[in-house]
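Reading through the structure tokens given below for one structure.
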Amino acid sequence: MKAFQVKEHAHPSKISVSDIPIPKPRTEKGEVLLDVHAAGLNFFDILQAQGKYQTQPPLPFVLGAEVAGTISHTAPIPDDCPYQPGDRVAGYAQGAYAEHVVVSWRNLLPIPNELSFEEAATIPLTPTTSYVALVDRAKAKAGEWVLIHAGAGGVGLAACQIAKVLGCKVIATASSPSKRKVCQEYGKADEVVDYTQKDWQKEVMRITGGKGVNVVFDPVGMIIPSLKCVAWNARLVVVGFAAGSIEKIPANLLLLKQASVMGVYWGGTAVKDPSSVFRVSQEVLSLLSEGKVKAVLYDKPYIGLNKVSEGLRDIESRKTWGKAVVTISKVEKAKL
């Protein structure tokens, strides 16, 4: 099979598609073989390819994590597996940038009939991360102001939509007029702010009537500057560090606003708290099936494994908005 295999740590632009054997599922461990149709492109893939991510598989390994496809007809299925060959599923599996991948069936979700494989490939890590951050960690409540950084990104747009479902008022930040328009059009943000402008926090304070925001959703690395525009008892959620540096937060700033900072590590939740993963995944699937939250795909198509490096480069250079997805095996959207 063809796969985007990392043989030695390097930037994805220096990695090419390889021919490697099709992996064999260990049915005694609950594994199945997926025929991959689409895979989500993520910033952390760029780090993992270079050996800079918090979870690093031993070399060589196939890159990619978010996957959507069908249960393969060519491999056995565990006796307790509820899926049948041909079933449409999405999940989290190391090695998603390949024609086939092995994954535990317990890490899979059925794809709602309303979603394409490309849309489904966004489910495992994107809206789930945003949901955990806002619902489980920040406990955002109706009527509260929520500040969402990088609002035009995949997790950002999902967070905007989820916050609106919760009844919150949303301020989304983005660096360009086109991305701010995306925040409003697709994320339904109430207000947008250009965080590249000096003293952008003053605009946030103006919007909130001088009170500040109650919740901050931060996948960038902007906790410290955000503390200038938070309300008393604010909750700030660390989702990632897309800006490239890890902040050292002065504790006195937290004390002055009686603020709480908490982290979200969705990948770790699968290991530490599987029951929460199941619950959150089901709740997110319900939101998607009901149309309350929609998968927003970047409008540039990436067709074929040889486009993985291009897609990751576009993410790194901040060209993308929404969720960038690579189509590995083109299949028409199913209406079952």
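For clarity, every value in this text was computed on a predicted model and none was experimentally measured.
Few gaps surround NZ on Lys300; more than 12 heavy atoms of other groups in view lie less than 6.0 Å from it. Within a 6.0 Å radius of NZ in Lys307, no more than 12 heavy atoms belonging to other residues, nucleotides or ligands are found. Counting heavy atoms of neighbouring residues, nucleotides and ligands inside a 6.0 Å radius, atom NZ of Lys7 does not exceed 12 of them. No more than 12 heavy atoms of other residues, nucleotides or ligands sit less than 6.0 Å from atom CG of Asp79. Around the CD atom of Glu8, the shell of radius 6.0 Å holds no more than 12 heavy atoms that belong to other residues, nucleotides or ligands. Within a 6.0 Å sphere centred on NZ of Lys2, heavy atoms belonging to other residues, nucleotides or ligands number 12 at most.
At distances below 3.5 Å, not a single donor-acceptor pair connects side-chain atoms of Glu118 with backbone N or O atoms of Val325. Side chain of Gln48 to main chain of Thr55: a donor-acceptor pair is present (N/O by atom type, distance under 3.5 Å, no hydrogens or angles). Under a 3.5 Å cut-off, the side chain of Asp218 and the backbone N or O of Ile223 do form a donor-acceptor pair. Not a single donor-acceptor pair under 3.5 Å links the side chain of Thr208 to the backbone N or O of Val213. Listed for the Thr126 side chain is no donor-acceptor partner under 3.5 Å among the backbone atoms of Ile123. Using a distance-only test at 3.5 Å, with no hydrogens or angles considered, no donor-acceptor pair links the side chain of Glu31 to the main chain of Pro25. In this structure, Gln94 contributes its side chain and Val62 its backbone to a donor-acceptor pair below 3.5 Å. Here the side chain of Gln201 pairs a donor or acceptor atom with the backbone of Pro225 at under 3.5 angstrom.
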*Go through Arg313 and Glu316 one step at a time and tell me if the salt bridge (charged side-chain N to carboxylate O under 4.0 Å, His left out) criterion holds.*
CA-CA 5 Å; Arg313 184 170 63 246; Glu316 190 174 30; over 6 Å; no
*Stepwise side chain to side chain contact (heavy atoms under 4.5 Å, CB included) check, Val293 with Tyr131*: CA-CA 11 Å; Val293 172; Tyr131 188 95; over 6 Å; no
*Would you please test His100 and Asp35 for side chain to side chain contact (heavy atoms under 4.5 Å, CB included) and show each step?*
CA-CA 5 Å; His100 307 277; Asp35 299 334; 2.9 Å; yes
*Before giving the answer on side chain to side chain contact (heavy atoms under 4.5 Å, CB included), spell out for Trp105 and Val89 the whole-Å C-alpha distance, their side-chain angles and the decisive distance to 0.1 Å.*
CA-CA 9 Å; Trp105 69 258; Val89 292; over 6 Å; no
_The test is side chain to side chain contact (heavy atoms under 4.5 Å, CB included); show your working for Val182 and Leu157 and say whether it passes._
CA-CA 8 Å; Val182 165; Leu157 283 173; 3.8 Å; yes
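Rounded to the nearest 0.5 angstrom, Glu114 CD and Glu290 CD are separated by 10.0 Å. Note: His11 NE2 to Ile46 CD1 = 5.5 Å, rounded to the nearest 0.5 Å. For the atom pair CG of Asp273 and CG of Asp136, the computed distance is 9.0 Å after rounding to the nearest 0.5 Å. From Glu144, atom CD reaches atom SG of Cys168 across 6.0 Å, with rounding to the nearest 0.5 Å. Taking CD1 of Ile224 as the reference point, atom NZ of Lys248 lies at 9.5 Å (rounded to 0.5 Å). The line from CD1 of Ile246 to CZ of Phe241 is 5.0 Å long, rounded to the nearest 0.5 Å.
Between Glu203 and Arg206 there is a side-chain heavy-atom pair separated by less than 4.5 Å. A heavy-atom distance below 4.5 Å is not found between the side chains of Tyr265 and Lys272. At least one side-chain heavy atom of Leu108 sits less than 4.5 Å from a side-chain heavy atom of Leu34. In this structure, the side chains of Ser116 and His37 stay at 4.5 Å or more apart for every pair of heavy atoms. In this structure, Leu125 and Phe44 have side chains that are in contact, with non-hydrogen atoms separated by less than 4.5 Å. With a 4.5 Å cut-off on side-chain heavy atoms, Gln84 and Ile71 do not count as touching. Side-chain contact between Arg106 and Asp80 is present, with heavy atoms from C-beta onward closer than 4.5 Å. Using a 4.5 Å heavy-atom threshold, the side chains of Phe217 and Leu134 count as touching.
In the hydrophobic clustering of ILVMFWY residues, with side-chain heavy atoms under 4.5 Å counting as a link, Val239 and Trp145 come out apart. Note: the hydrophobic cluster containing Phe61 also contains Tyr53 (ILVMFWY, side chain heavy atoms under 4.5 Å, direct or indirect links). Hydrophobic clustering, with ILVMFWY side chains joined whenever heavy atoms are under 4.5 angstrom apart, keeps Leu227 apart from Val237. Linking ILVMFWY residues whenever their side-chain heavy atoms come closer than 4.5 Å, directly or via other members, leaves Val308 and Ile20 in distinct clusters. Follow the hydrophobic side-chain contacts under 4.5 Å out from Val261 and you reach Leu253 in the same cluster.
Contact detail for Ala295 and Thr122: the closest heavy-atom pair is CB-OG1, 3.6 Å. The two residues Pro12 and Phe4 have their closest heavy-atom pair at O-CZ, 3.6 Å. The nearest pair of heavy atoms linking Ile162 to Pro127 is CD1-O, 3.6 Å. The two residues Tyr298 and Trp321 make their nearest non-hydrogen contact at CB-O, 3.2 Å. Smallest separation of non-hydrogen atoms from Val220 and Ala150: CG2-CB, 3.6 Å. Nearest heavy atoms, Phe117 versus Gly69: CE2-O, 3.4 Å.
Here the rule is side-chain contact (heavy atoms from CB on, under 4.5 Å) with Arg137, and of Leu236, Val238, Val215, Val264 only Val264 fits it.
Residues Trp266 and Thr128 have side chains that bring a donor and an acceptor to within less than 3.5 angstrom of each other. Side chains of Tyr97 and Asp45: a donor on one and an acceptor on the other come within 3.5 Å.
Scanning for ring pair (Phe, Tyr, Trp, His ring centres under 6.0 Å) contacts around Trp200 gives His149, with sequence neighbours left out. Residues meeting the ring pair (Phe, Tyr, Trp, His ring centres under 6.0 Å) test with Tyr195, sequence neighbours left out: none.
Within the structure, salt bridge (charged side-chain N to carboxylate O under 4.0 Å, His left out) contacts touching residues 186-195 (residues at least two apart or in different chains) are Lys164-Asp190, Arg180-Asp194.
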